[in-house]
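Since the model is a prediction, treat every value here as computed from it, not as a measurement. So that the names make sense, note that chain A is the first sequence line, chain B the second, and so on, each numbered from 1.
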Amino acid sequence: MMEEEYQLEYFTTHGLIRKSCPSCGAAYWTRDPDRATCGDAPCEPYAFIGNPVFRPHSLKEMREAFLSFFERHGHTRLERYPVVARWRDDIYLTIASIADFQPYVTSGVVPPPANPLTISQPCIRLNDLDAVGRSGRHLTLFEMMAHHAFNSLGNEIYWKNETVALCDEFLASIGADLARVSYKEHPWVGGGNAGPSVEVLIGGLEVATLVFMNLGKVRSSDPPVLLDGEPYYPMTTRIVDTGYGLERFVWASQGSPTIYDAVFPEIVSTLVKKAGIDASLSDREFRNILALNAKYAGMMDIHGTNLLQMREKVAGIIGVSFDDLQRVITPFEKLYAIADHTRCLAYMLGDCIVPSNVREGYLARLVLRRTLRMMNELHLDGDLAELIEMQLQLSGDASFEQGLDIVREIVDNEVERYALTLDRGGRIVQKLATTYRQKNIPIPAQELVTLYDSHGIPPEIVRDVAAREGESVEFPDDFYSMIAGLHSRSVTEAENPHTRYAERVASLPPTQKLYYDQPDDMEFEAEVIDYFDGIVVLDRTLFYPEGGGQPADTGLLITGTGMVRVDHTIKLGDVILHQTKGAVINRGERVKAKIDEERRRSLMRHHTATHILLRAAKDVLGSHIHQAGAQKGSESSRLDIRHYKHITPDEVQRIEILANQMVMEDSLVSIKWEERTRAEQKYGFELYQGGVPPGKEIRVVRVNRDVEACAGTHCRSTGEVGPIKIIRLEHVQDGIERIEFAAGSAAIYYLQRMEGLLNDAAQVVSVQVENLPAAVQRFFTEWKDQRKEIERLQKKVAELEIARLNIEMIGDVRVTIQCLDATPQQLVNIANSISGSGGIALLASKDGKVHVVVGSGNTAVNAAAIVRKVCEILGGKGGGSPQLAQGTGQRVDLLGQAFEEGRAAIRAGLHG
RNA sequence: GGGCUGGUAGAUCAGUGGUAGAUCGCAUCGUUCGCAACGAUGAGGCCGCGGGUUCAAUUCCCGCCCAGUCCA
């Protein structure tokens with residue numbers, strides 16, 4: 001980045017000079033001619049610890065100081081956005097204040113909600129998860145205080161000089177000595193944009209970054225600037241993107257050993273007490289170690305793997321043994337991490353994330369389980385829900401949508417689930433440990449992979465459990481890459497089969513979309529603009545193209561010479577393609593068109609019903625209910641929602657009743673195009689249920705109390721929807737429940753079909769429908785009882801049969817060879833009874849074919865061998881154990897001969 | 001959406017191509033003033049559902065359902 005970008009008039013007129021840091025080489029601006037380094041870690045240790053650089057502020061005081069300062073200086077204060085970036089489909093969590101305004105405001109498509117503006121935006125970043133609690137400064141959730149100015153041609157707000165001036169003035173307003181502040185030059189690149197930026201440093205701490213976004217990836221006539229080898233071009237919109245770390249300001253204002261002590265003193269002290277380490281805090285030496293560690297830990301670049309090296313270094317610097325440092329620090333690290341994680345979870349859950357194994361829900365679960373593990377390691381009794389609730393209240397943030405009771409329920413749910421997983425895991429590991437101890441080898445790495453991949457048991461836990469069983473574990477360093485290898489597969493991307501038409505379609509004028517203005521019309525006339533591969537392009541159409549979960553319309557085109565069927569309609573850019581079968585159509589021809597009315601009306605009913613059901617589900621289940629997908633059909637439709645447990649039958653009924661009440665209220669459905677930012681402010685991000693539509697304006701559909709951005713066709717009023725019947729519930733995947741339903745006539749058909757099934761079933765057992773459950777229950781019980789009775793009787797019969805059997809003695813062994821009138825099961829019973837007392841039985845029964853059973857109580861005679869021989873003669877097969885064997889054969893007529901062979905074989909066995 | 005693991009008695013799980021098992025729990029009896037413990041006896045199973053292979057399937061194969069888990 002060019003040096004002149006940083007030659008600000010403000011710097012030169014306010015006595016700042018440009019210096020170069022001997023440690024890192026970076027250029028920086030300072031008022032202090034004697035300053036030695038740039039002032040950033042690791043060039044300089046934290047100087048503010050024990051020696052604050054601002055007047056003491058609490059979190060709340062600092063936030064207010066910032067926002068009101070910028071309000072006084074012409075900025076409009078904005079409410080924070082949710083930590084889940086629901087207005088974007090490229091990221092799950094809000095990672096910076098500027099993320100609130102991407103992509104449409106930053107690209108200039110949509111005007112900003114205010115200009116200039118100020119905001120304190122809670123952001124979540126999980127990429128340094130391992131450093132949280134250890135480094136003394138990392139957080140999963142932090143508030144990025146910001147002032148933004150969006151400059152465009154003809155609308156210049158302010159640029160670099162004013163930004164730095166505001167920064168200086170704000171720092172001074174909270175008590176900073178400006179002589180200690182340095183501005184470090186630092187070219188910024190991120191998310192397809194770039195520009196010069198300065199880092200604001202004081203007391204060794206970077207407290208803010210001022211970014212001047214003026215480069216983008218959109219090609220222009222200006223020469224490109226190369227950054228990291230990538231070309232960037234000047235933009236017409238230039239954005240002041242500042243980020244002031246609220247927590248860092250608070251920390252620097254208090255000079256506490258770690259950021260955690262400054263930011264959540266209440267939680268930290270609660271946890272210290274709970275963990276029973278409050279006594280050691282009064283020990284001076286102990287405190288000293290903590291403070292020194294904090295001071296130098298900040299200088300180290302922490303990434304999980306080299307933590308131990310870092311610790312050794314710190315131990316060396318502050319002059320204690322590695323083990324002492326480790327012993328003192330470890331519990332505090334965990335405790336700090338818990339303090340941080342619970343606040344992160346409070347915002348995640350408060351902003352309605354549902355923990356699950358997908359998307360942002362997975363991230364919430366990740367943080368939650370990590371917190372539980374650390375609580376467990378510190379032997380913290382007490383429930384997580386309580387801590388999170390405490391964080392929610394301490395935050396003083398009134399904008400959480402989720403109710404406390406549901407947050408508690410979700411957390412308790414997750415805690416219980418994790419306990420179950422670990423419990424189950426513990427048993428599996430125990431079993432494995434026993435197996436491998438017997439073999440006298442350690443548990444192999446492959447087993448660890450299976451345990452983690454299939455059962456979610458992390459190897460650390462396997463090691464612990466195995467150790468308790470006195471068994472060691474083979475824990476390879478590349479464990480997680482082994483896992484990654486298991487899952488690395490090329491993702492086959494679904495290709496839109498119509499993109500090959502893109503070039504041809506690009507030259508065509510946009511199709512006029514009649515279906516929006518005339519949702520009730522089903523017939524129209526139009527001119528054929530183009531015709532190729534059976535695809536008809538019209539100048540205007542009522543055919544709704546597939547999109548937003550609503551299937552395409554079908555229908556007829558009537559030409560001068562005949563009729564053509566439209567099977568499918570799709571949208572490609574601004575052009576709508578009608579896919580046809582049948583006759584050839586000529587360009588320029590006028591056609592009459594007719595949509596399949598019943599189908600379309602049913603689709604509209606189902607679509608409007610989807611909105612109603614979503615609202616009803618939200619009312620019944622809680623404000624975390626979001627649409628996770630939907631598919632409309634003309635027979636039935638599906639609505640997938642995010643929810644943390646299974647919907648109960650009782651809840652289904654309540655949702656159904658509520659939905660139908662909204663239908664009966666027969667309120668008008670209102671549809672209007674609104675400017676994006678305005679709509680977001682008016683209705684919130686609940687608007688985006690079926691994905692985030694592009695563009696400056698969005699189509700806002702209001703159905704009763706539900707308001708969504710939606711491009712589909714809808715009924716005029718809720719009354720037109722007709723009855724809504726939930727058909728079935730399905731658990732699609734963790735955290736997502738599917739509601740399948742029918743609306744209008746489809747609902748009636750469904751009810752009729754169900755009624756028919758009930759009637760048929762009732763008729764079979766000859767009872768009234770009302771009595772069906774009781775009758776079926778009775779029959780089932782009776783059937784079970786009778787089965788048992790039959791079994792008992794068969795045993796009895798077998799006993800009687802045995803008494804009547806012909807017994808011949810071969811040597812001193814009792815042998816029975818006989819054909820009986822009995823079931824195969826009975827034969828088995830009899831044979832068993834005889835072999836049980838040392839005898840040998842060769843039994844058969846005839847029913848079309850011959851069943852043969854041999855029981856042998858004598859080791860000299862192998863029952864299976866006898867059966868094989870006998871069945872072979874009978875033209876069949878058989879086998880079994882030496883004690884009992886069975887088989888069949890077709891040749892009933894050869895039974896006598898078969899018996900003789902059998903007798904010979906038994907005799908041979910006994911005499912052999 | 002894809003991969004993997006599992007589904008057997010009320011619970012936890014063995015097991016097997018040829019008569020379904022263990023432990024705990026439960027019931028009854030015994031021992032005891034009573035309880036725990038102990039001893040004896042017993043009840044309790046569509047071996048998830050549906051197909052296929054086989055003389056024979058709880059067991060092998062395919063599909064589905066349910067639960068769990070990892071990765072997108």
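- Pairing for G34(B) is absent, judged as Watson-Crick or G-U wobble with the two contacts each under 3.5 Å.
- Note on R417(A): only backbone sugar-phosphate atoms sit closer than 4.0 angstrom, heavy atoms only; bases stay farther off.
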- [ ] Could you go through the side-chain hydrogen bond (donor to acceptor under 3.5 Å, both in side chains) check for S837(A) and R814(A) one step at a time?
- [x] CA-CA 9 Å; S837(A) 57; R814(A) 292 179 304 133; 3.0 Å; yes
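- In this structure, a donor-acceptor pair under 3.5 Å is absent between the side chains of R738(A) and H731(A).
- Pairing for A57(B) is absent, with no Watson-Crick or G-U wobble pair whose two atom distances lie under 3.5 Å.
- Here R728(A) pairs with E740(A) in a salt bridge; the nearest charged N to carboxylate O distance falls below 4.0 Å.
- As the counterpart of C47(B), no nucleotide is assigned, since no Watson-Crick or G-U wobble pattern has both distances under 3.5 Å.
- Here the separation of U59(B) from A36(B), taken at their C1' atoms, is 42 Å to the nearest Å.
- The gap from the C1' atom of C60(B) to that of G17(B) amounts to 8 Å, rounded to the nearest Å.
- Base pairing annotation: G21(B) forms a Watson-Crick or G-U wobble pair with C13(B), both donor-acceptor distances under 3.5 Å.
- A27(B) and U41(B) make up a base pair, with Watson-Crick or G-U wobble contacts both under 3.5 Å.
- Considering only side-chain N and O atoms, H731(A) lies nowhere under 4.0 angstrom from the phosphate OP1 or OP2 of C65(B).
- With both pairing distances under 3.5 Å, A67(B) is matched to U5(B) as a Watson-Crick or G-U wobble pair.
- Here U19(B) is the nucleotide among U19(B), C71(B), U54(B) with the atom lying nearest to any side-chain atom of N829(A).
- Panel note: side chain S833(A), backbone N829(A); no donor-acceptor pair is recorded below 3.5 Å.
- To the nearest whole angstrom, the two P atoms, one in U19(B) and one in C62(B), are 26 Å apart.
- Of the candidate nucleotides C71(B), C46(B), U19(B), U19(B) has the atom nearest to the side chain of V828(A).
- Looking at heavy-atom distances under 4.0 Å, R369(A) makes contact with sugar-phosphate atoms alone, never a base.
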